[in-house]
Amino acid sequence: MCASFLVSTSRFLIALAIVLGIAFFYHKVLPVNPTTVALTLLLAILVVSTVWGIAVSLFMSVAAMLTFNYYFLPPIGSFTIADPQNWVALFAFLVVSVLASHLSTHARQQAHDASARRREIERLYSFSRGLLESGNVIQLLNRIPAQIVETFEVGAAALFLADKHKVYRSGPVISQLDLESLKTVVAREEPVIDAAASLCFVPVRMGVRAIGSLGISGSTLSRQTLEALGTLIAIAMERARTIEQLGQTEASREGERLRTALLDAVTHDLRTPLTAIKASVTNLISNPGLNDSQKQELLVIINEESDRLNRLVGEAAEMAHLDAGEVELCLEPHSIGEVIDAALKKCKAVLTHRTVQIHVPENLPHVRVDLARAKEVLVHLLENANQYSSAGEPITISAQTNGDFVTTSVADRGAGIDDPEQSLIFEKFYRGQDQRYSVQGTGMGLPIAKAIVQAHGGSISLTSQRGHGSVFSFTLPVDRSH
């Protein structure tokens with residue numbers, strides 16, 4: 001309080017000193033006509049009113065009028081006015097100086113208000129952008145009070161929701177933002193601004209209905225800003241709630257699609273080996289007179305279909321482990337050639353009548369991989385290429401360095417995959433529209449390959465053209481320690 005008084009007093013004294021300084025300069029140093037003196041004093045008054053406001057400029061106007069009369073209007077050195085015309089001049093001087101001070105102060109206040117509105121608009125824009133970053137209602141509600149404190153530089157904020165009867169705060173509970181005060185604002189449905197206590201409240205409206213209230217302490221915002229805050233918060237809450245509902249709907253739809261796909265896989269793939277096993281066993285039981293050759297044939301069918309059934313169940317279990325992140329990788333440096341050789345050895349029986357072309361430069365860097373898992377990726381891609389390629393068409397394996405990764409590709413000359421299906425081909429249980437019944441499988445091979453590659457920190461992709469075949473490519477990180 002004392003410091004403010006001293007500052008205010010010093011401004012009045014400086015204004016008086018400016019007036020006396022101008023009078024001394026023109027009276028002693030550079031004598032000029034009274035008109036020049038009056039204009040100089042008016043200019044000084046305008047400057048002071050712009051910087052310090054109307055109170056100082058009014059004081060300066062009166063001081064300037066008295067000084068002008070004493071030093072520049074006859075009789076000089078006296079406050080007496082001999083010529084009646086000088087009364088008019090003095091009155092005009094005082095009116096002009098006061099009016100100019102008022103206009104200057106008004107313009108200064110308008111500029112200040114415009115600047116304040118601009119800052120509030122910028123803060124509202126920043127606040128609205130922050131609200132869009134969250135699509136979860138609970139996360140959004142917990143974040144809003146802290147974001148208000150940060151964006152608008154206030155002391156504390158509290159958000160009350162009437163339906164949940166819960167208050168979300170930016171920090172510890174403070175008495176000014178108690179539950180009863182927030183409830184009262186919801187009931188009144190009108191903003192409350194207490195500048196003396198640096199406290200303001202505003203209802204949060206959804207349409208015409210108040211669904212809660214917002215309280216701010218430590219600073220007061222304009223009514224327009226408070227109402228904009230209430231509207232933005234309500235819109236953000238409704239948006240987040242809608243996103244959650246859409247997510248739940250999409251998850252439900254996706255779950256239904258997966259259940260349908262799984263049922264399709266069970267019906268057309270798992271049921272096939274069971275049917276063959278059941279038929280063979282039934283034949284053996286009901287026909288005891290079968291010769292050894294016939295019995296051996298049925299036993300071979302049972303053995304092969306049992307292996308197939310075991311593989312299908314194993315793939316489903318492996319996919320579940322990969323999805324749960326329960327598979328640990330034993331990462332070691334290996335050449336990509338080792339991975340290819342291991343995969344070809346594994347697929348030797350499958351690729352007996354298929355030509356495999358290999359284009360791998362000798363100077364490729366080693367990759368850091370789990371050899372068994374990396375081999376499994378390539379096995380799935382080779383088996384996929386073999387299944388969906390015409391007999392006699394070759395499969396090409398190539399590799400090249402791509403920055404910090406080695407890219408390995410498997411190309412076939414099959415029917416290719418339509419553009420709409422390419423984004424679905426790595427989904428669990430998904431199989432091509434044209435081949436899902438003509439080619440055996442569960443649609444698990446490519447999803448397993450994708451999960452393994454991603455676990456290594458790489459990526460897998462597909463390039464395909466209908467009628468010209470497909471190229472599956474996956475990346476593995478280069479080993480920098482080798």
**Item:** Chi angles and distances behind the side-chain contact (heavy atoms from CB on, under 4.5 Å) call for Thr407, Thr401
**Value:** CA-CA 6 Å; Thr407 302; Thr401 305; over 6 Å; no
**side-chain contact (heavy atoms from CB on, under 4.5 Å) between Asp194 and Phe201, worked out** = CA-CA 9 Å; Asp194 186 353; Phe201 296 90; over 6 Å; no
**Prompt:** Does the pair Arg480 and Asp404 meet the rule for a side-chain contact (heavy atoms from CB on, under 4.5 Å), with working shown?
**Reply:** CA-CA 9 Å; Arg480 293 302 181 185; Asp404 294 332; 2.5 Å; yes
**Request:** Please report the C-alpha distance between Thr40 and Tyr26 in whole Å, then the side-chain angles of each, then the deciding distance to 0.1 Å, and finally whether the side-chain hydrogen bond (donor to acceptor under 3.5 Å, both in side chains) criterion is met.
**Result:** CA-CA 10 Å; Thr40 304; Tyr26 285 134; 3.0 Å; yes
**Request:** Check the pair Val202 / Ile216 against side-chain contact (heavy atoms from CB on, under 4.5 Å), numbers first and verdict last.
**Result:** CA-CA 9 Å; Val202 65; Ile216 297 174; over 6 Å; no
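With contacts defined as side-chain heavy-atom distances shorter than 4.5 Å, the pair Leu214/Ile148 qualifies. Asp479 has its side chain out of reach of Val367: every pair of non-hydrogen atoms, C-beta onward, lies at least 4.5 Å apart. The closest side-chain heavy-atom distance from Thr225 to Phe152 is below 4.5 Å. Two residues are said to be in side-chain contact when any heavy atoms from C-beta on lie closer than 4.5 Å; Lys450 and His380 fail this criterion. Using a 4.5 Å heavy-atom cutoff, the side chains of Val379 and Glu383 are in contact. In this structure the side chain of Pro191 reaches within 4.5 angstrom of the side chain of Glu227, judged on heavy atoms. A heavy-atom distance below 4.5 Å is not found between the side chains of Ser473 and Thr463. Between Leu177 and Leu199, some side-chain heavy-atom pair lies under the 4.5 Å cut-off.
At most 12 heavy atoms of other shown residues, nucleotides or ligands fall within 6.0 angstrom of atom OH in Tyr71. Within a 6.0 Å sphere centred on CZ of Phe25, heavy atoms belonging to other residues, nucleotides or ligands number more than 12. Under a cut-off of 6.0 angstrom, the local environment of CD in Gln147 is crowded, with over 12 non-hydrogen atoms contributed by other residues, nucleotides or ligands.
Taking OG1 from Thr151 and CD1 from Ile144, the interatomic distance works out to 11.0 Å, rounded to the nearest 0.5 Å. Rounded to the nearest 0.5 Å, atoms CD (Gln224) and CG (Leu229) are 12.0 Å apart. Summarising the geometry, atom CE belonging to Met60 is positioned 7.0 Å from atom CG belonging to Leu41; distances are rounded to the nearest 0.5 Å. Taking CZ from Arg143 and OG from Ser170, the interatomic distance works out to 14.5 Å, rounded to the nearest 0.5 Å. Of the inter-residue distances, the one linking Glu332 atom CD with Leu371 atom CG reads 8.5 Å to the nearest 0.5 angstrom. Expressed to the nearest 0.5 Å, how far OG of Ser464 lies from CG of Asp412 amounts to 7.5 Å.
Among all heavy-atom pairs drawn from Pro34 and Phe72, the shortest one is CG-O, 3.8 Å. When all heavy atoms of Ala64 and Ile45 are compared, the closest pair comes out as CB-CD1, 4.1 Å. The two residues Leu462 and Ser470 come nearest to each other via the heavy atoms CD1-CB, 3.8 Å. Residues Pro203 and Val185 come closest through the heavy atom pair N-CG1, 3.7 Å. Thr67 approaches Ala23 most closely through the heavy-atom pair CG2-CB, 3.4 Å. Between Val37 and Val32, the shortest heavy-atom distance links the atoms CG2-CG2, 3.7 Å.
A donor-acceptor contact shorter than 3.5 Å links the side chain of Asp178 to the backbone of Ser181. Checked by atom type and distance alone, the side chain of Thr475 pairs as donor or acceptor with a backbone atom of Ser459 at under 3.5 Å. Distance alone, capped at 3.5 Å, places no donor-acceptor pair between the His456 side chain and the Pro477 backbone.
Under a 4.0 Å N-O distance rule, the pair Glu189/Arg205 qualifies as a salt bridge.
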Which pairs of donor and acceptor atoms, one on a side chain in residues 161-168, lie under 3.5 Å apart (sequence neighbours left out)?
unit_1, atom_1, unit_2, atom_2, d
His165, NE2, Lys183, NZ, 3.2

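Side chains of Asn33 and Thr36: a donor on one and an acceptor on the other come within 3.5 Å.
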